[in-house]
Amino acid sequence: MKVYRTDEIRNVVLLGHGGSGKTSLVEAMLYVSGVTNRMGKVTESNTVSDFDKEEQKRGFSISTSLVPIEWEKAKINILDTPGYFDFVGEVEEAVSAADAAVIVVSGKAGVQVGTEKAWELCDKYNLPRMIYVTEMDVDDASFRQVVEDLTTRYGKKIAPHFQPIRENEKLVGYINVIKNAGRRYTEIGQREECEIPDYCKPNLEILRDSLMEAVAETSEEFMERYFNGEEFSVEEIRSAMRTEVMDGDIVPVAMGSNVQAQGVANLLSDIVRFFPSPDKRKCAGINRRTNEIFEGNYEFSKAKTAYVFKTMVDPFIGKYSFVKVCSGVLKGDDILYNADADAEEKPGKIYTMCGNKPAEVSELFAGDIGAIAKLGSTRTGDTLSTKANPVSYAKTDYSVPYTYMKYTVKTKGDEDKVSQALAKMTAEDVTLKSVNDSENRQTLLYGMGDQHLEIAASKLAARYKVEITLETPKVAFRETIRKNSDVDMKYKKQTGGHGQFGDVWIEFEPCDSDSLVFEECVVGGAVPKNYFPAVEKGLQESVLKGPLAGYPVVGVKATLYDGSYHPVDSSEMAFKTATTQAFKKGFLEASPVLLEPIASLKVTVPDDYTGDVMGDLNKRRGRVLGMTPIAGGKQVIEADIPMTGLFGYCTVLRSMTGGRGTYAYEFARYEQAPSDVQEKEIAARAEE
């Protein structure tokens, strides 16, 4: 592929609900543009962008893939993203590198929750967007219904500039609303001029009026001409639309069939015509040497900088860091500096990727997207620049993984292999985390949902030949006391020669502390001072595993106030042992209880679902503290909930809200668990 200048580049992310046809659209684009001579199918596991074995097995995208397409003297970098919510991290990576978005909507399924989330992402990143309605070759597809639903949600900015021509429930052609002309499809991807059918004219008039009205609003001169009944030329309409699309005031709606490659050529042309090149976007970082703002703004004349927005780790082809060049021109023989890792990197070669197939290029201009192999210190979110001009760009704000499971290694001795494999997978997937929970002696895998974790386990087996089992994790309970107790404990042991003797009188009482509080008020030398550290050590070791269920003890004050010793037989070991026994007895006499961890939870849902969500939280022993209305007809429900009540919550919330609900939580405090929960937990720990 030849080198393209900044103004010839379009970086476009495909967004939409799972199954809406994004990957099939990429195949049609590749075919129409001449990159491939045969369209792959998701069902046949032979598409360019779904190259991962796991994607082929499951029939849907799991990671973002890059596919560059040459069209009308421009290079379009297509970023094909997953539609399922468990892989939102991949979508966020792609959106951070894109300059515009095509939101793919199924003409059959219509506007879905994935469509709404795609729109919200475009708003968050201020991306110009276009809607593409697929499956128009299907009998019960309705372009008109999709347009009506979009207009109801997003208002007059929805501007269809194509209208389907259907005969016998089949898509046979389209009307170009801008040109006011009909086209009939011939062979795959081909079309010819035709008359506009009479039955299409009433709807065409409505579409054309709304489009002309939008165009007229771009300037006073156009508005005056519009009111005088003048016609705008095709070029005037397109020029006005480009301005409006880039400002976000118009969202064009196109349509077609991926299977028949119908409407795809029009979409590619619209991407080149209406979407901005990178130099129309802003991009600023910080110069680490001077602490001044560095405005890269995708200008190729400035010092070279590039942002690493994604990492791909493949056992066969190695590690590739996907970069978007933010300024300057990147070349293979450059020596780059990673200010985030304080390390120099030597690329050697620069590639463009088409799925998982790298193609070497001599250079990448500002705004272009490519890949660099085997960067040792560089991770997703890092910035590459030069040592003379060390720049860092703000890291992308990724979704936080809240779903977690305990995992165990199936084959003993594979622990190191699993650890190394997970390190590679977490480098590739920013929303997958492996955490060592030393307190409960378990390792946890965090992800965006149950499916995410299940696929991670499946990838470990398929890619790295190691297997793990996912299980319900243990919750970190605590033990404490509710009353006071007073214990006299004497440890005496005769073994011939020197014996063992230690005698302690300790009072135990509740206190407001996250750990043990130890005091001594011994008078008259009943216990010599040199044995006080042994007593404290015995207590500190005892609180690590409480007598009730083996959980750490908190909120206990122990006061050593009396005791006795033997001048020959007493030792530090004897006093430590006496203290350990005293703690166990005193703790069990002071109304011991289990404390459970409580999380502070925020659930964001549309107004319609608040009743269902609050009812479900009550079932999970949650306490709703209040609701706050936010933009977009949504509510933020705040609640306190036991950590045990959050297991499986991600799946339940999505099911209740049709995927529209999101949640976040953080540990708040410990509270006394209800008696039935305590009894169940104590019995379970006793069995272990």
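The chain is numbered in sequence order, starting from 1. These numbers were taken from a predicted model, which means no experiment stands behind them.
- For the residue pair Glu135/Ser257, the side-chain donor-acceptor check at 3.5 Å is not satisfied.
- Without hydrogens or angle criteria, Ser655 side chain to Thr651 main chain gives no donor-acceptor distance under 3.5 Å.
- Judged by distance alone, the side chain of Ser106 and the main-chain N or O of Lys108 form a donor-acceptor pair under 3.5 Å.
- Proximity of a side-chain donor or acceptor of Thr134 to a complementary backbone N or O of Ser20 within less than 3.5 Å is detected.
- A donor and an acceptor atom, one from each side chain of Thr23 and Asp80, are located under 3.5 Å apart.
- With hydrogens and angles left out, the side-chain atoms of Gln56 and Asp52 include no donor and acceptor closer than 3.5 Å.
- Interatomic distance, Met448 CE to Thr403 OG1, rounded to the nearest 0.5 Å: 7.5 Å.
- Residues Ser96 and Lys310 bring no donor and acceptor atom of their side chains to less than 3.5 Å of each other.
- Seen from the ring of Phe232, Arg225 does not count as a face-on cation partner, given the 6.0 Å and 45° thresholds.
- Using a 4.5 Å cut-off on side-chain heavy atoms (C-beta onward), Leu211 and Met241 make contact.
- Within the cation-pi definition used here (under 6.0 Å to the ring centroid, within 45° of the axis), Lys2 qualifies as a partner of Tyr4.
- Scanning for side chain to side chain contact (heavy atoms under 4.5 Å, CB included) contacts around Glu244 gives Thr218, Asp249, Ile250, with sequence neighbours left out.
- When atom types are taken as modelled, the side chain of Arg129 and the backbone of Asn126 share no donor-acceptor pair closer than 3.5 angstrom.
- When atom types are taken as modelled, the side chain of Tyr393 and the backbone of Gly381 share no donor-acceptor pair closer than 3.5 angstrom.
- Defined by atom type and a distance below 3.5 Å, a donor-acceptor pair is missing between the side-chain atoms of Thr396 and Glu92.
- Contact check on Arg654 versus Asp86 returns a salt bridge, with a Lys/Arg side-chain nitrogen under 4.0 Å from an Asp/Glu carboxylate oxygen.
- Ring-plane geometry between Tyr402 and Tyr663 is classed as tilted, the angle between the planes lying from 30 to 60 degrees on a 0 to 90 degree scale.
- To the nearest 0.5 angstrom, Glu54 atom CD is 7.0 Å from Lys459 atom NZ.
- A donor-acceptor pair under 3.5 Å links the side-chain atoms of Thr151 to the main chain of Val147, judged by distance alone.
- Aromatic ring orientation, Phe322 versus Phe309: perpendicular (interplanar angle above 60°, classes split at 30° and 60°).
- Judged as a side chain to side chain contact (heavy atoms under 4.5 Å, CB included), and not counting sequence neighbours, the contacts of Ser233 are Glu235, Glu236.
- Side-chain contact, Asn258 with Ser24: no donor N or O sits under 3.5 Å from an acceptor N or O.
- Checking Thr311 against Ser321 by side-chain atom types alone, no donor-acceptor pair falls below 3.5 Å.
- Between His161 and Phe274, the two ring planes are perpendicular [angle over 60°; tilted spans 30° to 60°].
- In this structure, Glu148 does not pair ionically with Arg153, as no charged nitrogen and carboxylate oxygen lie closer than 4.0 Å.
- With no hydrogens or angles considered, no side-chain donor-acceptor pair links Asp279 and Thr6 at under 3.5 Å.
- For the pair Asp607 and Lys634, the salt-bridge criterion is not met [side-chain N within less than 4.0 Å of a carboxylate O].
- The CD1 atom of Ile158 sits 5.0 Å away from the CG atom of Leu150 when rounded to the nearest 0.5 Å.
- Using the six-membered ring where Trp is involved, Tyr174 and Tyr185 have ring planes that are tilted, between 30° and 60° apart.
- For the atom pair Asp368 CG and Ile9 CD1, the distance stands at 3.5 Å (nearest 0.5 Å).
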Give every donor-acceptor pair under 3.5 Å between a side-chain atom in residues 194-203 and any protein atom, sequence neighbours left out.
| residue | atom | partner | partner atom | Å |
| --- | --- | --- | --- | --- |
| Asp198 | OD1 | Lys201 | NZ | 3.3 |
| Tyr199 | OH | Arg166 | O | 3.0 |

